[in-house]
Amino acid sequence: MSLKFGTFMAPFHCPAGQDPTAAFERDLDIIRHMDRLGFDEAWIGEHHSCGHELIPDPFIFIAWAAPQTSHIKLGTGVVSLPYHNPLWVADRALFSDRLLRGRFMLGLGPGALPTDAAMIGIDVEDQRTAFEEDVDVLMAILRGESVTASTSRYRLVDARTQYDPYSDFDIGVAAIASPTGPRMASKHGISLLSVGATAQGGFDSLALHWDVMRERAPEFGHVPDRSRWRLVGPMHLAETKEQAIEDVRHGLDDWADYTQHVIAAPHFRAAGENFDERVAWVNETGLGVIGTPDEAIAQIERLDRQSGGFGSYLLMHHEWARHDATLKSYELFARHVMPRFTGSASRLEKSRDHAVSRWDELDKRHSDAIAAATERHAAERAGRG
């Protein structure tokens, strides 16, 4: 199994009432840190209400982060497509792809916060149907086609983009609980991001997501590719489990309260009424890890077995711990977890094992060689004397 790694950054800033400028700087600091550590990608979300998920336009944030990073790919995680005219989304995506010289990714979704949709007059019941319509339109425009379409939200007349793509950038569709995401990913042969697939009952969602991909993709001439399937889950790591749990006393309760009492999203809701119950919910349901790198490795291996295989694991970014402890968690993940699944350290380990296998022989020969050289030197001195 060779995996890629990144983050899915809503981003959460709990509780409400924090200075947004400082929050944005922390988000950027995380991405710069990940870039230095060798992570592959970062996906940045779009939200407009509820006071906790603070980035309203991932395209702007990506343009801000791009010149301050060197290697990491940056994606919209995700654009809430029914909120926008697909023509302008296509233009912004192609523009961003060119500005980032191939480091851009486009993530799409129907919109996570019902309060966002309500403010622009979209009924929650209509979001997923609207999303499926809009993905069809967007993909046609990205392919260079001319599109005429009319919905209650926009009207396009012979609409087309004036840009060619700079690269074959990745396009992904978010999936949480419903089959909408895998339906569109399989129809258009694009990537799937399973955002809630590690939550309680999430393994059932994993099966649902891939069943839809496997069943529908051949209808549209596509072969579902597990290497393009991304799974998202939360982790916080420290040198010991006890330290990790102590770290998340800082913000786990505030994050859980947000999911339980602020955002109206029954498919994305923490369990537990106190800190200990919430830690147990993360660690004992398969949701994620508050613990050590070894436990993180075991979690990813378990997800691989349960899912049948996937291509990337994205750490759901949160601020359960203070910023310095969060940076340390990403560092531990990069140092000890990623090499286990990327193979980047396999030759180093083989080199060590080879050295160990010859240690007795070479240590004696080396010692004997030093002794012989010493004796020769002594003999030469005696001869000169």
Side-chain angles (χ1 to χ4, degrees), residues 6-11 27 31 41-50 53-66 73-100 103-117 119-120 122 124 126-143 147 149 151 153-154 156 159 161 163 165-167 169-176 178 180-185 187-188 190-196 230 232 265 268 314 316-317:
T7 188
F8 194 85
M9 180 178 280
D27 296 336
I31 292 175
E41 55 193 43
W43 300 79
I44 296 95
E46 172 193 355
H47 303 90
H48 304 274
S49 58
C50 295
E53 301 173 70
L54 301 183
I55 293 177
D57 189 330
F59 286 106
I60 294 176
F61 188 92
I62 287 168
W64 182 44
K73 289 189 174 184
L74 303 171
T76 60
V78 295
V79 170
S80 300
L81 192 54
Y83 304 170
H84 306 280
N85 188 307
L87 176 61
W88 304 147
V89 173
D91 270 1
R92 289 177 183 133
L94 293 166
F95 183 40
S96 299
D97 176 45
R98 193 161 292 274
L99 292 177
L100 270 68
R103 284 202 290 141
F104 175 73
M105 306 173 295
L106 178 63
L108 307 170
L113 305 186
T115 40
D116 288 357
M119 290 193 294
I120 56 173
I122 298 177
V124 173
D126 297 334
Q127 276 182 269
R128 284 156 184 81
T129 301
F131 177 66
E132 294 197 15
E133 295 172 349
D134 294 349
V135 173
D136 289 344
V137 171
L138 174 65
M139 293 303 296
I141 295 172
L142 289 173
R143 289 192 298 267
V147 176
T151 74
R153 294 163 290 111
Y154 57 83
L156 297 177
T161 180
Y163 301 108
Y166 179 85
S167 69
F169 60 89
D170 201 359
I171 303 174
V173 180
I176 301 180
S178 82
T180 301
R183 280 175 56 85
M184 301 317 294
K187 181 176 182 179
H188 293 283
I190 53 183
S191 302
L192 181 67
L193 295 88
S194 292
V195 178
R230 295 170 171 88
V232 182
F268 187 74
L314 305 180
M316 179 184 290
H317 182 67

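The model shown is predicted, which means the values in this text are computed figures rather than measured ones. These numbers come from the heavy atoms of this one structure, side chains and all, not from hydrogens, waters or symmetry mates.
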Does the side chain of [Y] come within less than 4.5 Å of [X]'s, by heavy atoms?
X      : Y      : result
Leu100 : Tyr166 : no
Ile141 : Val89  : no
Ile44  : Asp27  : no
Glu133 : Arg153 : yes
Leu106 : Leu138 : yes
Arg230 : Phe8   : no
Trp43  : Lys73  : no
Ser167 : Phe104 : no

- Item | Where Leu87 and Ala159 come nearest, the two heavy atoms and their spacing | CD2-CB, 4.1 Å

- Query: Which heavy atom in Pro182 sits nearest to a heavy atom in Leu192, and how many Å separate them?
  - Reply: N-CD1, 3.7 Å

Return the [atom1] to [atom2] distance between [X] and [Y], rounded to the nearest 0.5 Å.
X      : Y      : atom1 : atom2 : value
Ile31  : Thr7   : CD1   : OG1   : 7.5 Å
Leu99  : Ile62  : CG    : CD1   : 11.0 Å
Leu108 : Glu46  : CG    : CD    : 10.5 Å
Tyr163 : Arg92  : OH    : CZ    : 11.0 Å
Ile55  : Met9   : CD1   : CE    : 7.0 Å
Glu53  : Leu113 : CD    : CG    : 5.0 Å

- Check whether more than 12 heavy atoms from other residues, nucleotides or ligands sit under 6.0 Å from atom CZ of Phe95, and answer yes or no. no

- Gln127 side chain to Pro110 main-chain N or O, any donor-acceptor pair under 3.5 Å? yes

- Query: Distance-only, no hydrogens or angles: does the Asp116 side chain make a donor-acceptor pair with backbone N or O of Ser49 under 3.5 Å?
  - Reply: yes

- Message: What verdict does the side chain to side chain contact (heavy atoms under 4.5 Å, CB included) test give for Thr115 and His48, after you've listed the backbone C-alpha separation in whole Å, the side-chain angles of each residue and the deciding distance to 0.1 Å?
- Response: CA-CA 8 Å; Thr115 40; His48 304 274; over 6 Å; no

- Message: Could you go through Val173 and His188, starting from their C-alpha distance and side-chain angles, then the distance that decides it, and tell me whether this counts as side chain to side chain contact (heavy atoms under 4.5 Å, CB included)?
- Response: CA-CA 10 Å; Val173 180; His188 293 283; over 6 Å; no

- Task: I would like to know whether Asp134 and His84 meet side chain to side chain contact (heavy atoms under 4.5 Å, CB included); could you show each step before the answer?
- Result: CA-CA 9 Å; Asp134 294 349; His84 306 280; over 6 Å; no

- Task: Decide side chain to side chain contact (heavy atoms under 4.5 Å, CB included) for Thr161 and Leu142; before the verdict, give the C-alpha distance in whole Å, the side-chain angles of both, and the deciding distance to 0.1 Å.
- Result: CA-CA 7 Å; Thr161 180; Leu142 289 173; over 6 Å; no

